[in-house]
Amino acid sequence: MIKFFNTLSGKKEIFKPIKEGNVSIYVCGMTVQNRPHLGHMRAYITADLIRRVFEHNGYTVKMIQNFTDIDDKIIERSREFGMDYRVFGEQYIKEYIDSAIKMNILQPYYYPRATQHINEIIDLVEKLIEKGYAYFVDGDVYYRTEMFKDYGKLSGKKIEDLRSGARIKINPKKKNPLDFALWKGAKEGEPYWYSPWGKGRPGWHIECSAMSMKYLGETFDIHAGGTDLIFPHHENEIAQSEAATGKTFANYWIHNEMLRIKGEKMSKSLSNFLAVSDILKEVSPNALRLYYYRTHFRSPLEYDENSLQEASNSFERIERFISKNTSGSGLDNELFDGLMRNLNDNFNSPKTLGLMFAAIKDANNGIREKSTTANTVKKVLEIIGFDLKEEKKNEISDKIIDGIVAIRDRMRAEKQFQYADMIRDELNKLNIEILDSKDGTKWKIK
Ligand SMILES: [Zn+2]
């Protein structure tokens, strides 16, 4: 049984699939106008965790994650760089996929791109015009927001409140300030596609409606994305899709909170500052995954430089514990069930990690069996996306440290204390602490 918080109902619910044993998930992917940064990756690691938990529970998961590869900002920025918008977007698509592979994120069933679905988008817009939910004005097509009775059901916003909100820009073409563009007529020099309304391009919201329904059907199980997309993007997706089909669009909505820097949402200008592919030169993909998992995805994640390093040290400790203690195939079933139960309950990764660290501590203190604990920890980490193939490397480095410590013991025996201390100080710089005692020398990672 998997339960999780559904933004649509505003409460935790037990998941009931449309088709027994199957889950269909749509995740809003990147608008490829900039480098993928730590904030973007939080959404995709969250989606990957959700998918892995479902798969562990025996579900077949069909996940779709799009790329928005045409958009006002893409046009604007590609011009600034003097590049064709397609070439401009492609570099970020490539950078995203490279980073996702490094992060051990399972590949979606498909990565659809908006520009490859212009026909589906045009069909959907035509349907909305036929049903009276959309209107054509001077090259553009707009959605008639007030026609859709359930508008606001995801975000909890009310049309009346939105109408009186002063922040909506006045566009004289719109019949109502809340109406939004489904199709935008092309201005001079902009990329365009032919449509029944002349040359133009799709609006952002309609792309996701067209692509999700094409691959997952008119009603699918879960729609995911960041909380910044709830309004207006996801609200508009619901309005368009449900008006066109007369059916529920997605049964469950899962939203991850934002990564913040000093209390502010990670902004686009910081894309270079915290680009995922740069971060991965500093810390391992496992450490970065641990960094995300330490905070529940429904809580804001406050970035600071130290927390990445902490996650890195923390993961090294787990790895060492595993490489020193795994043997055989015996599991601690009670521990395993306890760790997985927390994941089945709102994908609670911090709770699972907390239990895991407590178990490791107990095993190190001799109050829990080491090998079954290590085997269990390893198995759970692999289920939730950590790549432990690196383990061998640690086994070797442990043996090298053992060797250095043995040489130091020999020096001490021969009273070459000056060199023995030098070795101790050098190891100390690597966070390796030497513990001399009557029974011989031991070492540990600080
Ligand atoms: Zn979307």
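Summarising the local packing, OH of Tyr419 is surrounded by 12 or fewer heavy atoms from other residues, nucleotides or ligands at distances under 6.0 Å. Atom NZ of Lys153 has more than 12 heavy atoms from other residues, nucleotides or ligands within 6.0 Å. Crowding of Leu430 atom CG: a count of heavy atoms from other residues, nucleotides or ligands under 6.0 Å exceeding 12. Within 6.0 Å of CD in Glu20 there are 12 or fewer heavy atoms belonging to other residues, nucleotides or ligands. The neighbour count for Glu414 CD, taken as heavy atoms of other residues, nucleotides or ligands under 6.0 Å away, is above 12. Met422 CE: 12 or fewer foreign heavy atoms inside a 6.0 Å radius.
Thr248 contributes no side-chain N or O that, together with a main-chain N or O of Asn251, makes up a donor-acceptor pair within less than 3.5 Å. A donor-acceptor contact shorter than 3.5 Å links the side chain of Ser209 to the backbone of Glu237. Listed for the His296 side chain is a donor-acceptor partner under 3.5 Å among the backbone atoms of Asn346. In this structure, Asp304 contributes its side chain and Asn306 its backbone to a donor-acceptor pair below 3.5 Å. Put simply, the side chain of Gln240 gets close to the backbone of His205: a donor and an acceptor are under 3.5 Å apart. Between the Asn66 side chain and the Pro112 main chain, no donor and acceptor come within less than 3.5 Å of each other. Remark: side-chain polar atoms of Asp332 are not paired, donor with acceptor, to backbone N or O of Thr372 under 3.5 angstrom. Side chain of Glu235 to main chain of Pro232: no donor-acceptor pair is present (N/O by atom type, distance under 3.5 Å, no hydrogens or angles). Of the possible polar contacts, one joining the Ser78 side chain to the Ile75 backbone as a donor-acceptor pair under 3.5 Å is found. Asp161 places no side-chain N or O within donor-acceptor distance of the main-chain N or O of Lys157, the cut-off being under 3.5 Å.
For Phe315 and Tyr293, the ring centers sit 6.0 Å or farther from each other. For Tyr92 and Phe67, the distance between ring centers is not under 6.0 angstrom. In this structure, Tyr215 has its ring center at least 6.0 angstrom away from the ring center of Tyr109. Between His223 and Tyr252, the distance separating the two ring centers is not shorter than 6.0 angstrom.
Of the residues Thr227, Asn6, Asp228, Thr7, the one that meets the side-chain hydrogen bond (donor to acceptor under 3.5 Å, both in side chains) test with His255 is Thr7. Checking His40, Gln91, Gln65 one by one against Tyr96, the side-chain hydrogen bond (donor to acceptor under 3.5 Å, both in side chains) holds for a single residue, Gln65. Between Leu343 and the options Leu49, Asn348, Ile50, a side-chain contact (heavy atoms from CB on, under 4.5 Å) holds for only Leu49.
Rounded to the nearest 0.5 Å, atoms OH (Tyr26) and CD1 (Ile64) are 8.5 Å apart. Met356 CE to Asn342 CG: the interatomic distance, rounded to the nearest 0.5 Å, is 10.5 Å. How far OG1 of Thr46 is from CG of Asn256: 4.5 Å, rounded to the nearest 0.5 Å. Atom CD1 of residue Ile423 and atom CD1 of residue Ile434 lie 8.5 Å apart, to the nearest 0.5 angstrom. To the nearest 0.5 angstrom, Ser349 atom OG is 9.0 Å from Leu290 atom CG. We find the OG-CD1 distance between Ser212 and Ile25 to be 13.0 Å, quoted to the nearest 0.5 Å.
Electrostatic pairing of Arg424 and Asp421 counts as a salt bridge here, judged by a charged N lying under 4.0 Å from a carboxylate O. Salt bridge annotation for Lys19-Asp221: absent, with no cationic side-chain nitrogen under 4.0 angstrom from a carboxylate oxygen. Checked for salt-bridge contact, Glu55 and Arg52 miss the test: no charged N lies under 4.0 Å from a carboxylate O. Asp436 and Arg408 are joined by a salt bridge, as a carboxylate oxygen and a charged side-chain nitrogen come within less than 4.0 angstrom of each other. Between Asp387 and Arg289 there is no salt bridge, since none of the side-chain N atoms of the basic residue sits less than 4.0 Å from a carboxylate O of the acidic one. Using a 4.0 Å cut-off between a side-chain N of Lys or Arg and a carboxylate O of Asp or Glu, Lys429 and Asp425 do not qualify as a salt bridge. Here Glu90 does not pair with Arg86 in a salt bridge; the nearest charged N to carboxylate O distance is not below 4.0 Å. A salt bridge does not link Glu207 to Arg201: none of the charged nitrogens lies less than 4.0 Å from a carboxylate oxygen. Salt-bridge annotation for Glu257 and Arg260: present, with a side-chain N of the basic residue lying under 4.0 Å from a carboxylate O of the acidic one. With respect to the salt-bridge test (charged N to carboxylate O, under 4.0 angstrom), the residues Asp402 and Lys399 do not qualify. Of the charged side-chain nitrogens involved, none lies within less than 4.0 Å of a carboxylate oxygen, so that Lys324 and Glu319 do not count as a salt-bridged pair.
Inter-residue side-chain proximity for Thr295 and Glu302 is flagged as unmet; no heavy-atom pair is nearer than 4.5 Å. Side chains of Phe386 and Asn104 form no contact here, defined as non-hydrogen atoms less than 4.5 Å apart. Looking at heavy atoms from C-beta onward, Tyr111 lies in side-chain contact with Ile97 at the 4.5 angstrom threshold. By the 4.5 Å heavy-atom criterion applied to side chains, Phe15 and Lys3 are not counted as neighbours. Contact annotation: the side chain of Ile222 approaches that of Ile254 to within less than 4.5 Å [non-hydrogen atoms, C-beta and beyond]. Under the 4.5 Å side-chain criterion, counting only non-hydrogen atoms from C-beta, Gln107 is not in contact with Ile105. For the pair Tyr291/Leu288, a side-chain contact is recorded, criterion being any heavy-atom separation below 4.5 Å from C-beta on.
Geometrically, Lys184 does not engage Trp193 in a cation-pi contact defined by less than 6.0 Å to the ring centre and at most 45° from the axis. Stacking of Lys379 on the aromatic ring of Phe336 is recorded, both the 6.0 Å distance cut-off and the 45° axial limit being met.
Side-chain contact of Ser307 with Gln309: a donor-acceptor pair under 3.5 Å is absent, judged by distance alone. Judged purely by distance below 3.5 Å, without hydrogens or angles, the side chains of Ser9 and Glu13 pair a donor atom with an acceptor atom.
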Audit row: Arg51, Asp48, salt bridge (charged side-chain N to carboxylate O under 4.0 Å, His left out) steps and yes/no: CA-CA 5 Å; Arg51 171 181 181 170; Asp48 192 56; 5.6 Å; no

Output, in order, the C-alpha distance, side-chain angles, deciding distance and verdict of side chain to side chain contact (heavy atoms under 4.5 Å, CB included) for Asn364 and Phe321. CA-CA 8 Å; Asn364 282 330; Phe321 174 77; 3.6 Å; yes

side-chain hydrogen bond (donor to acceptor under 3.5 Å, both in side chains) between Ser314 and Glu316, worked out: CA-CA 5 Å; Ser314 199; Glu316 261 175 45; over 6 Å; no

Derivation of the side-chain hydrogen bond (donor to acceptor under 3.5 Å, both in side chains) call for Asp71 and Thr31: CA-CA 8 Å; Asp71 163 82; Thr31 296; 5.1 Å; no

Residue pair Leu301, Tyr292: steps toward the side chain to side chain contact (heavy atoms under 4.5 Å, CB included) verdict: CA-CA 8 Å; Leu301 175 56; Tyr292 287 118; 3.9 Å; yes

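Note on ring orientation: taking the six-membered ring where Trp is involved, the planes of Phe249 and Phe220 are perpendicular (angle over 60°, cut-offs 30° and 60°).
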